[in-house]
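Both backbone and side-chain heavy atoms feed into the values below; hydrogens, waters and symmetry mates do not. Here is how names work: the chains are called A, B, and so on, in the same order as the sequence lines, proteins then strands, and each is numbered from 1.
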2 protein chains.
Amino acid sequence: MKTFSIGEVAAHFGLPISTLHYYDRQGLLPFVSKNTSGQREFTAADLNLIQTICCLKGTEMPIKEIRQYIDYVMAGPATIAERQQLLRHHKERVLAKQQQIEHDLVEIDKKIAKYDSPAAPQMITRELQFAAHEKEQHHLANPYH
Amino acid sequence: MKTFSIGEVAAHFGLPISTLHYYDRQGLLPFVSKNTSGQREFTAADLNLIQTICCLKGTEMPIKEIRQYIDYVMAGPATIAERQQLLRHHKERVLAKQQQIEHDLVEIDKKIAKYDSPAAPQMITRELQFAAHEKEQHHLANPYH
DNA sequence: GCTTGACCTAAACCATGGTTCAGGCTTTAA
DNA sequence: TTAAAGCCTGAACCATGGTTTAGGTCAAGC
């Protein structure tokens, strides 16, 4: 079982090295050791934890919260309940966001479908006219061209 | 059909007024007119467009791209194809991101389940020991406690 | 043994998406 | 008719999540 250089790890996860440095600075990689000449050596276990970090980041967990999670991990088995709570809470947020996106996508799909209709130019022209009319009614400048 | 003040619109969409000002500065609200004394008056049609902006923002479309879309809208029916392409492209990106999140959530769920097991403390202690062992093997400092 | 590519840190820089502040007009309700 | 609340602009400020630069050390191949 060999160890990996930062360049290898970066390539493996498709991240710039600078991002790994940044994560380290933010306290996300306290588990990564350095060899006697100061270079980071990543073990297999390290890669697993970085994989987890990538999952959390991929689901938009803020760095500070990832850091909290990592701190729990570093503290050993005593923090299992806290880790679980943190992950559960995160999961709920992500699911809620997924729901909202789902909803927004429906609206966007409606727009796409509308633009697909052969009657789209007429409909849109009418809408534009109505909008202009509405402005006029209220003695407002017409911003449409 | 009345018009709405910026405060009313902000309340309606659950946004700070400052965000609407910001959007206007970024060119997202060229369709909003001002009355003779310089205050914005939002019409019903304006609210519809802002609703669309909220959908795009809710699905993480960057401001610049929302602006492009709005520019197309302002240009009238001639840009229907461009609007559709923009929305289709956006939709694809959102779906891809949803997929990736789905995948990440599975991993997170595994963690949660693992922490749920009564054997979790033992498992985690063993993992920790193994990680420490791996470090030792490579003559690296043990960062765990 | 020397060059080249990989790595190190610290600090500066950057883009994005806002928020806050200052100073001044407008509208509304007492 | 006047005070309070609401709106205006421009500019400064901020947090987040990195990236870039500078100046130096380290390691691998020739």
Side-chain angles (χ1 to χ4, degrees), chain A residues 2-30 32-43 46 50 53-70 90 93 97 104 138-141 143, chain B residues 2-30 32-43 46 50 53-70 90 93 97 104 138-141 143:
Chain A
K2 58 167 292 204
T3 62
F4 305 90
S5 71
I6 195 171
E8 289 171 322
V9 174
H12 178 71
F13 288 102
L15 296 172
I17 290 175
S18 66
T19 297
L20 287 168
H21 280 150
Y22 171 67
Y23 287 173
D24 201 4
R25 252 179 290 139
Q26 299 307 306
L28 265 46
L29 309 179
V32 175
S33 303
K34 291 177 186 170
N35 61 27
T36 48
S37 54
Q39 308 213 181
R40 292 172 183 83
E41 280 192 31
F42 295 75
T43 64
D46 293 346
I50 293 175
I53 291 173
C54 288
C55 280
L56 298 178
K57 179 176 81 84
T59 51
E60 319 295 311
M61 184 183 281
I63 298 276
K64 278 183 185 175
E65 212 168 322
I66 300 179
R67 188 195 162 138
Q68 175 69 268
Y69 177 75
I70 293 295
H90 178 59
R93 275 185 320 191
K97 178 70 179 173
D104 289 342
H138 295 290
H139 312 291
L140 298 169
Chain B
K2 59 167 290 204
T3 63
F4 305 90
S5 71
I6 195 171
E8 290 172 320
V9 174
H12 178 70
F13 288 104
L15 295 172
I17 291 176
S18 66
T19 298
L20 287 168
H21 280 150
Y22 171 67
Y23 286 174
D24 201 5
R25 252 179 289 137
Q26 298 308 305
L28 264 46
L29 310 180
V32 175
S33 303
K34 291 178 187 170
N35 61 27
T36 49
S37 56
Q39 307 212 181
R40 292 173 184 83
E41 282 193 30
F42 296 74
T43 64
D46 293 347
I50 292 175
I53 290 173
C54 288
C55 279
L56 298 177
K57 179 176 82 84
T59 51
E60 319 295 310
M61 185 185 281
I63 298 275
K64 278 182 186 176
E65 214 167 319
I66 300 180
R67 189 198 158 134
Q68 175 68 267
Y69 177 74
I70 294 295
H90 178 58
R93 275 186 319 194
K97 178 69 181 174
D104 289 342
H138 295 290
H139 312 292
L140 298 170

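Contact detail for A:Pro16 and A:Ala10: the closest heavy-atom pair is C-CB, 4.3 Å. Here the closest non-hydrogen pair linking B:Cys54 and B:Leu15 is SG-CD1, 4.3 Å.
With hydrogens and angles disregarded, no donor-acceptor distance shorter than 3.5 Å links the side chain of B:Lys64 to the backbone of B:Gln26.
The side chain of A:Ile6 has C:dC7 as its nearest neighbour among C:dC7, C:dG17, D:dC26. Set against D:dG17, D:dT19, C:dG18, the side chain of A:Arg25 has D:dT19 as its closest nucleotide. Checked against C:dT9, D:dC7, D:dA27, the side chain of A:Lys34 finds its nearest nucleotide in C:dT9. Closest contact between the side chain of A:Gln39 and the listed nucleotides D:dA27, D:dG18, C:dT19 involves D:dA27.
DNA chain D is contacted by both A:Pro16 and A:Thr36; A:Pro16 maps to the nucleotide lying nearer its 5′ end (nearest heavy atom per residue). Summary of the strand contacts: B:Lys64 and B:Ser18 both lie near DNA chain C, and taking for each the nucleotide with the nearest heavy atom, the more 5' one is attributed to B:Lys64.
Distances shorter than 4.0 Å separate some side-chain N or O of B:Tyr23 from OP1 or OP2 on C:dG18. OP1 and OP2 of C:dC7 both lie 4.0 Å or more from every side-chain N or O belonging to A:Ser37. At the phosphate of D:dC8, OP1 or OP2 sits under 4.0 Å from a side-chain N or O atom of B:Arg40. Taking side-chain N and O atoms only, A:Thr19 has a distance below 4.0 Å to OP1 or OP2 of D:dT19.
Under the 4.5 Å side-chain criterion, counting only non-hydrogen atoms from C-beta, B:Phe42 is in contact with B:Ile50.
Counting to the nearest Å, the P atom of D:dG18 and the CD atom of A:Glu60 are 10 Å from each other. Nucleotide D:dG17 holds its P atom 9 Å from the CD atom of A:Gln26, rounded to whole Å. Rounding to whole angstrom units, NE2 of residue B:His21 and P of D:dT9 are separated by 6 Å. Computed from coordinates, the A:Asp24 CG to C:dA10 C1' distance equals 14 Å when rounded to whole Å. A:Glu65 places its CD atom 14 Å from the C1' atom of D:dT16, with the value rounded to the nearest Å. Atom CG in B:Asn35 sits roughly 12 Å away from atom C1' in C:dC25 (whole-Å rounding). The NZ-P distance, from A:Lys57 to D:dG17, rounds to 10 Å in whole Å. B:Tyr22 places its OH atom 17 Å from the P atom of D:dA15, with the value rounded to the nearest Å.
The pair B:Asp24-B:Arg40 counts as a salt bridge, with a side-chain nitrogen and a carboxylate oxygen less than 4.0 angstrom apart.
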